[in-house]
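Letters A, B, ... are given to chains in the order of the sequence lines, protein chains preceding strands, and every chain is numbered from 1. Computed from a prediction, not measured in an experiment: that's the story for all the values here.
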Amino acid sequence: MELRLYDTLSREKRTFVPLDAKDVRMYVCGPTVYDFAHIGNARPVIVFDVLFRLLRHLYGEAHVKYVRNITDVDDKINDRAARDFPGLPLNEAIRKVTEQTGKQFHADVDALGALRPSVEPRATEHIGEMREIIEKLVAGGFAYVAEDHVLFSPQAMNAADSGLPRYGALSNRSLDEMIAGARVDVAPYKKDNTDFVLWKPSKPGEPSWPSPAGIRAEGRPGWHVECSAMAWKHLGEHFDIHGGGVDLVFPHHENEVAQTCCAFHRERMANYWMHNGFLQVESEKMSKSIGNFVTIHELLADWPGEVLRLNMLKTHYRSPIDWTMKSLEESAKTLDDWYRVTADVAPGQPAASVVEPLLDDLNTSLAIAALHGLRNASDAGGLAASLRLLGFLSESAAQWESRKQRASGVDASEIDRLIAARAAARVRKDFKESDRIRDELVAKGVVLKDGKDTDGKPVTTWELA
RNA sequence: GGCCACGUGGCGGAGUGGUUACGCGCCGGUCUGCAAAACCGUUUACUCGGGUUCGAGUCCCGACGUGGCCUCCA
């Protein structure tokens with residue numbers, strides 16, 4: 001069985017053939033670290049983590065390299081730093097913001113069960129590579145200097161007749177359309193309104209580095225060239241998979257392709273371009289003004305990370321998701337059941353019924369249906385191994401259960417005392433008293449479960465509603 | 001205005017021409033002092049209008065609806 005992936009560029013599912021099966025290479029655009037990551041940011045993290053795990057399963061852990069960058073130079077970071085640390089010099093404030101936010105991001109994605117990528121490059125550590133790419137683009141006639149900016153010219157790219165991709169091929173639009181649809185003010189230093197910034201001058205006090213292309217004033221990079229530089233440094237001029245959210249297709253990824261292909265005279269940057277769909281919250285677009293803007297951090301206060309993970313994977317990665325409380329409750333219930341039935345089970349091999357849907361462009365919905373199938377067939381070993389492949393079952397069943405008790409703050413010994421009192425009442429057939437105790441516990445959110453142990457003796461356990 | 005994606009049963013959500021998706025819920029049963037939990041079983045669908053075909057949720061055209069992108073938002 002072979003892996004098939006949907007490629008945004010060719011707009012079809014294609015069999016995945018790595019450039020080098022001993023060194024499978026994937027790049028995913030990571031966060032700009034200026035604020036808490038929201039639940040929409042969690043989607044690419046989880047989706048491409050599943051792909052990373054699947055690739056490791058197929059090609060071996062040592063043969064897959066996953067790069068996810070951290071953008072730590074950006075206007076939004078500068079604004080946030082000035083707002084939060086008005087007393088500090090800007091550069092120091094920026095460092096505080098990026099450190100704090102980066103740390104929080106790692107705590108969030110760890111809780112979601114996402115493996116750390118092989119490399120997490122920071123933009124500010126790759127300024128040299130960015131300058132190098134910019135120099136090549138200027139030398140090749142694809143970029144020009146104007147008023148201390150360096151601008152990339154898609155027109156020049158499409159005028160070149162050598163083996164380059166056409167600008168606009170990834171996002172499926174022509175330069176003419178872009179010119180016609182342009183609705184922003186064109187900066188006076190641009191030759192064409194489709195030109196985009198590779199390098200720009202820094203204002204006094206802002207982060208700055210020596211500029212390329214003979215510009216005397218110091219400056220800083222444009223966003224797009226950061227990813228071209230980091231991907232090049234860690235994965236080479238041409239690699240296998242490039243991922244991110246659909247919103248990045250244009251202009252970010254289109255521009256990455258342009259920069260990398262023109263700098264290195266290549267026809268392709270990545271062989272497969274993968275994009276995850278967007279997310280709505282309770283059927284509404286997530287926005288701060290509606291008040292439904294929800295961070296990963298906030299959700300983790302109420303739900304285990306694996307519940308968020310399962311809830312995300314119930315929907316195919318390219319479809320839109322409506323993120324709702326009801327759906328989260330369902331996901332939590334499912335995981336409770338899976339933890340229960342896989343408790344103390346030695347994991348076997350991941351089931352083919354789970355792996356095969358994943359090979360078909362990460363059909364996680366169908367894979368989850370297969371998990372239910374394993375559960376109903378009482379194949380606990382296969383279920384446990386398959387869940388692990390998908391990044392679940394990171395803790396023991398006991399830890400999973402105790403986490404819920406801790407969160408609710410109930411006193412386990414008090415509950416045990418009440419259960420014993422109820423058992424005594426039932427023995428003397430004082431059902432009025434036994435029901436009273438049961439209701440008392442329900443009021444505390446504790447649900448009793450009467451069963452029998454292996455000897456047929458009645459035994460009562462409990463769980464939180 | 002331009003480009004693109006999507007529209008499945010009470011809810012979530014798979015399925016690219018012909019057989020039960022699956023899960024949650026509902027309902028019924030077993031168990032129970034009664035419940036709950038657990039286990040067993042059952043139920044309902046393909047936005048609308050045309051077309052292609054022996055046959056369409058699945059292909060084509062149109063309408064309506066929802067969402068995304070159109071210069072730094074995952």
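- Counting any heavy atom pair closer than 4.0 Å across all strands shown, A:G40 reaches a base atom.
- A:D450 contributes a side-chain N or O that forms a donor-acceptor pair with the base of B:A35 under 3.5 Å.
- When rounded to the nearest whole Å, the span between CE of A:M325 and C1' of B:C11 equals 16 Å.
- Here B:C6 presents its P atom at 16 Å from CD of A:Q280, a figure rounded to the nearest Å.
- For a distance-only test at 3.5 Å, the side chain of A:T324 fails to qualify as a donor-acceptor partner of the base of B:G12.
- Remark: A:D110 engages A:R116 in a side-chain hydrogen bond (donor to acceptor under 3.5 Å, both in side chains) (not counting sequence neighbours).
- Across all strands shown, B:C39 forms a Watson-Crick or G-U wobble pair, both distances under 3.5 Å, with B:G29.
- Panel note: side chain A:H149, backbone A:V145; no donor-acceptor pair is recorded below 3.5 Å.
- Counting non-hydrogen atoms under 4.0 angstrom, A:H252 reaches nothing in the nucleic acid.
- Taking the side chain of A:R426 as heavy atoms from C-beta on, and the options B:G2, B:C22, B:C34, the nearest nucleotide is B:C34.
- Distance, A:Y34 OH to B:C72 C1': 11 Å, rounded to whole Å.
- Of the candidate nucleotides B:G12, B:A37, B:C3, B:A37 has the atom nearest to the side chain of A:K449.
- Here A:K200 lies in heavy-atom contact (under 4.0 Å) with a base.
- Summarising the geometry, atom CZ belonging to A:F293 is positioned 9.0 Å from atom CD belonging to A:E298; distances are rounded to the nearest 0.5 Å.
- Remark: P of B:C4 and CD of A:E254 are 15 Å apart, rounded to the nearest angstrom.
- A:Y6 does not carry A:K13 over the face of its six-membered ring by the limits of under 6.0 Å from the centre and within 45° of the normal.
- In terms of polar N and O atoms assigned as donor or acceptor, the side chain of A:R438 comes within less than 3.5 Å of the base of B:A35 in a complementary pairing.
- Applying the 4.0 Å criterion to OP1 and OP2 of B:G15, one finds that A:N363 has a side-chain N or O inside that range.
- As judged by a 4.0 angstrom heavy-atom cut-off over every strand, A:L448 is placed among the base-contacting residues.
- Remark: A:K314 is not in phosphate contact with B:A14, judged by side-chain N or O atoms under 4.0 Å from OP1 or OP2.
- Comparing atom distances between the A:K13 side chain and each of B:U16, B:A74, B:G33 picks out B:U16 as nearest.
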Short N/O separations, protein against nucleotides 40-44 of chain B, under 3.5 angstrom:
none

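- Remark: B:C69 base-pairs with B:G2. Criterion, Watson-Crick or G-U wobble with two distances under 3.5 Å.
- Residue-to-nucleotide contacts include no donor-acceptor pair under 3.5 Å from the side chain of A:R11 to the base of B:C4.
- A side-chain donor-acceptor contact under 3.5 Å links A:S434 to the backbone of A:F431.
- Taking the six-membered ring for Trp, A:H253 and A:H224 have ring centres at least 6.0 Å apart.
- Phosphate contact (OP1/OP2 of B:G13, side-chain N/O of A:T315, threshold under 4.0 Å): present.
- Across every strand in view, B:G7 sits in a pair with B:C64 that passes the Watson-Crick or G-U test at under 3.5 angstrom.
- For the salt bridge (charged side-chain N to carboxylate O under 4.0 Å, His left out) with A:K233, the qualifying choice from A:E129, A:E125, A:E226 is A:E129, the only one to do so.
- The separation between A:R318 atom CZ and B:C69 atom C1' is 17 Å, rounded to whole Å.
- Across B:C34, B:C72, B:C69, the shortest atom-to-atom separation from the side chain of A:R422 is found for B:C34.
- When the P atom of B:C24 is taken as reference, atom CG of A:D322 falls 20 Å away, rounded to whole Å.
- Aromatic rings of A:W338 and A:H372 (six-membered ring for Trp) have centroids within the 6.0 Å cut-off, being under it.
- The residue A:L279 sits close to a base: some heavy atom pair falls under 4.0 Å.
- Of the side-chain N and O atoms in A:R375, one or more sit less than 4.0 angstrom from OP1 or OP2 of B:C39.
- Here the P atom of nucleotide B:G10 and the NZ atom of A:K326 are 12 Å apart, to the nearest Å.
- Nearer the 5' end of RNA chain B, as judged by each residue's closest nucleotide, is the contact made by A:H316, out of A:E330 and A:H316.
- By the stacking rule of 5.5 Å between ring centres and under 30° between planes, A:F278 stacks on the base of B:A74.
- Contacts of A:K333 with the nucleic acid, taken as non-hydrogen atoms under 4.0 Å apart, involve only primed sugar atoms and P, OP1 or OP2.
- Comparing B:G68, B:A35, B:C72 by their closest approach to the side chain of A:V246 singles out B:G68.
- Among the protein residues, A:S434 comes within range of the nucleic acid bases, having at least one heavy atom under 4.0 Å from a base atom.
- For the pair A:N311 CG and B:C24 P, the computed distance is 15 Å after rounding to whole Å.
- Panel note: side chain A:D240, backbone A:R25; a donor-acceptor pair is recorded below 3.5 Å.
- Judged by closest nucleotide on RNA chain B, A:G373 is the one of A:R340 and A:G373 placed further toward the 5' end.
- Summarising the local packing, CG of A:D344 is surrounded by 12 or fewer heavy atoms from other residues, nucleotides or ligands at distances under 6.0 Å.
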